[in-house]
Structures are given as structure tokens and as C-alpha cells.
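Just so it is clear, the structure is predicted and the values come from calculations on it, not from any experiment.
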Number of protein chains: 2
Amino acid sequence: MVRKTKEDAAITRQRIIDAARDVFLVRGVSRTSMEQIAAQAGLTRGAIYWHFDSKTEILLALRERVFLPLIDRMDDTLLKAAEGAEDPLLNIERFLTETIQVLNDSSETRQTYEIMMIKCEYVDEFAEVLQQIANNCSNISLNIKRAYQRAQELDLLDASCTPEEYAMDTYLFFSGLLHMWIKDPENSERRQQTTSFIRSHIRLRRKTKTA
Amino acid sequence: MVRKTKEDAAITRQRIIDAARDVFLVRGVSRTSMEQIAAQAGLTRGAIYWHFDSKTEILLALRERVFLPLIDRMDDTLLKAAEGAEDPLLNIERFLTETIQVLNDSSETRQTYEIMMIKCEYVDEFAEVLQQIANNCSNISLNIKRAYQRAQELDLLDASCTPEEYAMDTYLFFSGLLHMWIKDPENSERRQQTTSFIRSHIRLRRKTKTA
DNA sequence: TAATATACATACATTCACGTATGTAAGTCA
DNA sequence: TGACTTACATACGTGAATGTATGTATATTA
């Protein structure tokens, strides 16, 4: 069994990505060798070098496979919050909850996030990834702001802050929440309270909160 | 000039740490070799191996030198917030502002944070560092909670959330703020607005905000 | 069905970083 | 003042990872 069909090759490629994710998670990206990835995938380095030019490309493939769908999903939810007829605050809450839910449901996503957050060094070729992430984040930030502006139009917002201020506060909350969630051990108390944290965060912003 | 006095040796040790910080920041911890650190410090690997057993020990020394003082300072400020006679909310705000101020003023602190956040992989020996950081954070989190409880006793808190909820929200805000601050480029717009972000975060919690 | 491209495995050469061993001049101490 | 220790520099051996070159059996295609 040497030469495979195209479908087989696609499966092999995915096997490599999955294997890399497993090894990256345990050994960190830098300390992971091509040999280790190959062994985990039940292949040799030759196979890996045929599918990928370098370890960096594997990591990029790993990232694209998880980040892009999630970013799209987040953008969608937030766009609904900004333009939909429904309660924008509820939609922002939904955006936060859904994102955490994805991490909860998909171990692939969860592990990839963990690798990108605390098992990877952003230098040289990888500095640009940080820039891409920043771009995604600023887009999310913008959409959160729009949603809050919509909420203000609907007179749902407490008057103590501007939509811009609420948006930044929520963005920073979200960022902190992701980091906490990833770094906390599985089934930790805080992880399970996440939904509650999100609810109180949103509750703070509602006009009728003292009613 | 070979053998130095004890003071000279201490200076050399510090030179190594400073050099390591410079190289770590550019090349990342894993890609940095002892040789590169030595060159940056104007020494040879022999000197480094005399002062440190491994690269990990240099990184730990680098961390201790910056983290411990900052953690102490944060604990102090928060303790004052929880026990002092002054407005606890103002003291929480001060805690946030002061911490960012340290990052602003001390390039050593700023660079060390950047290394720990995005130029370092938390695996093997370094997994325990993550645990230590978690412990520090949970202590900070606890003190924030106490400060909010004190604020509630003084009837300064808006009633929409409990002190625990406010504390977690502030902790997550703080965490997100640090990450944003470190990742943003120098003199970025957001970095300069940090004080404003903090103010509105605290303003949200004040009872008299609608007055 | 022959030619060619594909999907790997195997083999090889090179580099690089590491740890250690050894050298050495100056400081320290009795 | 001599013996010992310190604070490094230098030299050496080793393993590990890398990239590439080559081999090869099977798909694919004309």
C-alpha cells in the first residue's frame, strides 16, 4: 500500500493535522518534531513533507480549519444582533454563550484554541497570525458596538455609558472569558458558571435592571 | 579579565537576564539558544551555564523579578480597597489603572509580560508556572470580591448584580485588558484610551450612576 | 496499455544546540 | 604567601531535527 487515491490522500492530510494537534497540545509547537507528528499519525516524515512544506503550514492549516468557521459564526450572530428585530442585548448574550458552547462541544476547537493561546510562540512567520487575529477581533468589536447602538435606539440600554464604552467593556470581558475558559481545567467550577457570568454581564447593561 | 568580584558576578547575572529578555522577545523562548543569549550579553555560554542550569531557569528568574513585585503591589492596592476607609470602587479603579501604569512605565515589565503571554509555550516544566499564575489570579479575584463586598456595605453598589458577579466581571475585564494592552502596538489608540475604559467599567457599577 | 504523475517510504548529509569537560586568571582566605 | 575557589572562556563529543534526494508501487490519463 503505497500510492492512494485522491480521497485517501485527503484523509491522510487530515490525519496529519489531527496528529499534529494532539502532539502540539502535549509538547507545544516548538518542541514538536515532524517525526513525532508522523509517528502519531502512523506515517513517516516523507508523507508529512509531501502534504506540507513545514510545521508552520500544519499549524496554519490547523488554525484555519477551526478559526474561520467560528469567526463566521460569531459575525453572523452579531450581525443579527445589530440588524435583527429581536432584543440586541439578548443576541449579544447569545453570541457569548454560543461561542463558549462551541468550545464546550468541539474538542477540536477547544484544543486548537489552547494551542494558539498557551502552546505557541508568536514570532517571525507567526507574528502575522497575531495580526490576523487582531483584525478578526476588531471586526467583532465593531459588530458588538453596532449591536449596542441598536440597543440604544430601542431604548434598552442603561444610560450610564455610551454604546462604544459598553462595546469595549464587553469585548474585554469576552477576551478575558476565553482565556479563563481555556486555561481552567476541564469541569472546573468556573467553566460551569460561564453562562451565569455572561448573564450578569449583560444584566448590568439593561435599562430596566432596577425594576 | 577573567575572575570577577562577587558584585561583578551579580552584575553579570543580571546582564544575562536582561540579554535573555531581549532575545526572547524577538525570537521567542524556544527558538532562543544559549549562544544567542550569551552573544547578546557579550559573554560565552560558559558564563551562562555557570549562573544558570538551563534556559528555563533564566526564564523563571526573569519572571520572578517582575511578577512578584507587581503581584504584591496589586494585592496591596486591593487590600486597601477592601479594608480602607476610602471609596472601594475608587480603589478598584486605582488598582486597574496602576497596574496598566506599571506596564506603561517599565519596559522590563512590559516586555516580560509580552514574553509570558505570546512568546512562551506552557508545556512540561512550564505547566507549573501556569498553575502559579492561576493561584495569583485567584487571589486577586478574591480580593476584588472583598472590595466589592465592602462597597456593598457602604451602599455604593448598583443592585443589579451581587458582589461576586461584579468581581468576576471585573476580573475578566482586567484579564482581557492586559491581553489587549500587551498585544496592541505601542502608542496605539486603544492603549491610550485604557484609563477611559477602566473608568466606564467602574462607572457601570456605581449606584448613583443615573443620578 | 504505456507513460506519467501521485503518494508516500527510505536514505543521506548537514546543521545546530546542548551538556560537559577542561583550561585559566584572578579573587579569597587561612 | 600559598592553597583553594570563583567566574568565567574554550574545546569537545553527541544526539536530534531538518531538508532533500531518491526509491517505488500504485493511480491516473492519454
Side-chain angles (χ1 to χ4, degrees), chain A residues 1-62 115 119-121 123-126, chain B residues 1-62 115 119-121 123-126:
Chain A
M1 45 138 183
V2 184
R3 163 84 149 113
K4 311 282 185 60
T5 67
K6 285 186 180 179
E7 299 100 52
D8 287 337
I11 292 173
T12 299
R13 187 190 141 93
Q14 187 56 43
R15 277 238 311 275
I16 294 172
I17 294 179
D18 290 336
R21 177 156 33 76
D22 289 342
V23 187
F24 285 164
L25 199 62
V26 177
R27 311 259 318 154
V29 174
S30 290
R31 295 187 184 188
T32 297
S33 68
M34 295 300 231
E35 179 65 40
Q36 289 167 351
I37 298 175
Q40 177 73 21
L43 299 165
T44 62
R45 285 192 307 129
I48 310 231
Y49 276 107
W50 197 89
H51 284 281
F52 300 95
D53 282 347
S54 66
K55 200 169 62 179
T56 301
E57 291 214 359
I58 303 179
L59 188 52
L60 290 178
L62 189 58
I115 291 166
K119 271 103 199 269
C120 174
E121 298 176 3
V123 287
D124 300 339
E125 336 88 75
F126 249 74
Chain B
M1 45 142 182
V2 184
R3 163 83 150 113
K4 312 282 187 59
T5 68
K6 285 186 180 180
E7 299 101 50
D8 286 339
I11 292 173
T12 299
R13 187 190 142 95
Q14 187 55 44
R15 277 238 311 276
I16 294 171
I17 295 179
D18 290 336
R21 177 156 31 77
D22 289 343
V23 187
F24 285 163
L25 199 62
V26 176
R27 310 258 320 154
V29 174
S30 290
R31 295 186 184 187
T32 297
S33 68
M34 295 301 230
E35 179 65 41
Q36 290 167 350
I37 298 175
Q40 176 73 21
L43 299 165
T44 63
R45 283 193 308 131
I48 310 229
Y49 276 108
W50 196 89
H51 284 281
F52 300 95
D53 281 347
S54 66
K55 200 168 63 178
T56 302
E57 290 215 0
I58 304 180
L59 188 51
L60 290 178
L62 189 59
I115 291 166
K119 270 107 202 267
C120 174
E121 297 175 4
V123 288
D124 300 338
E125 335 89 77
F126 250 74

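The nearest whole Å value for the distance from the CZ atom in Arg13(B) to the P atom in dT6(D) is 16 Å. Rounded to an integer number of Å, the gap from Gln14(A) CD to dC8(C) P is 13 Å. Regarding Trp50(A), its CH2 atom lies at a distance of 18 Å from the C1' atom of dG19(D), rounded to whole Å. Atom NZ in Lys6(A) sits roughly 8 Å away from atom C1' in dT28(D) (whole-Å rounding). Atom CD1 of Ile37(A) and atom P of dA17(D) are 12 Å apart (whole Å). Straight-line distance from the CE atom of Met34(A) to the C1' atom of dT20(D): 13 Å, rounded to whole Å. Put simply, CD on Glu57(B) is 15 Å from C1' on dC18(C), counting in whole angstrom units. A straight line from CD of Glu35(A) to P of dT10(C) spans 11 Å, rounded to a whole angstrom.
Residues Asp124(B) and Val26(A) share a closest heavy-atom pair of OD1-O, 4.3 Å.
Residue contacts for Thr44(A): at a heavy-atom cut-off of 4.0 Å it reaches a base atom on one of the strands shown.
In this structure, Arg31(B) and Phe24(B) have side chains that are not in contact, with every pair of non-hydrogen atoms separated by 4.5 Å or more. For the pair Val23(B)/Gln36(B), a side-chain contact is recorded, criterion being any heavy-atom separation below 4.5 Å from C-beta on.
DNA chain D is contacted by both Gln36(A) and Gly46(A); Gln36(A) maps to the nucleotide lying nearer its 5′ end (nearest heavy atom per residue). Mapping Ala9(A) and Arg31(B) onto DNA chain C by nearest heavy atom places Ala9(A) closer to the 5' end of the strand. Both Asp53(B) and Glu7(B) sit near DNA chain C, but only Asp53(B) has its closest nucleotide nearer the 5' end.
Within the structure, a side-chain polar atom (N or O) of His51(A) is placed less than 4.0 Å from OP1 or OP2 of dC8(C). Note on Thr12(A): a side-chain N or O is less than 4.0 Å away from OP1 or OP2 of dC8(C). Applying the 4.0 Å criterion to OP1 and OP2 of dG19(D), one finds that Tyr49(A) has a side-chain N or O inside that range.
The listed nucleotides are dA7(D), dA11(C), dA11(D); the one nearest the side chain of Arg45(B) is dA11(D). Comparing dT18(D), dC18(C), dG27(C) against the side chain of Ser33(B) picks out dC18(C) as the nearest. Distances were taken from every side-chain heavy atom of Lys55(B) (C-beta onward) to each of dG27(C), dC18(C), dA17(C); the shortest belongs to dC18(C).
In this structure, Arg15(A) does not pair ionically with Asp18(A), as no charged nitrogen and carboxylate oxygen lie closer than 4.0 Å.
Taken from OH in Tyr49(B) to CE in Met34(B), the straight-line distance is 4.0 Å, to the nearest 0.5 Å.
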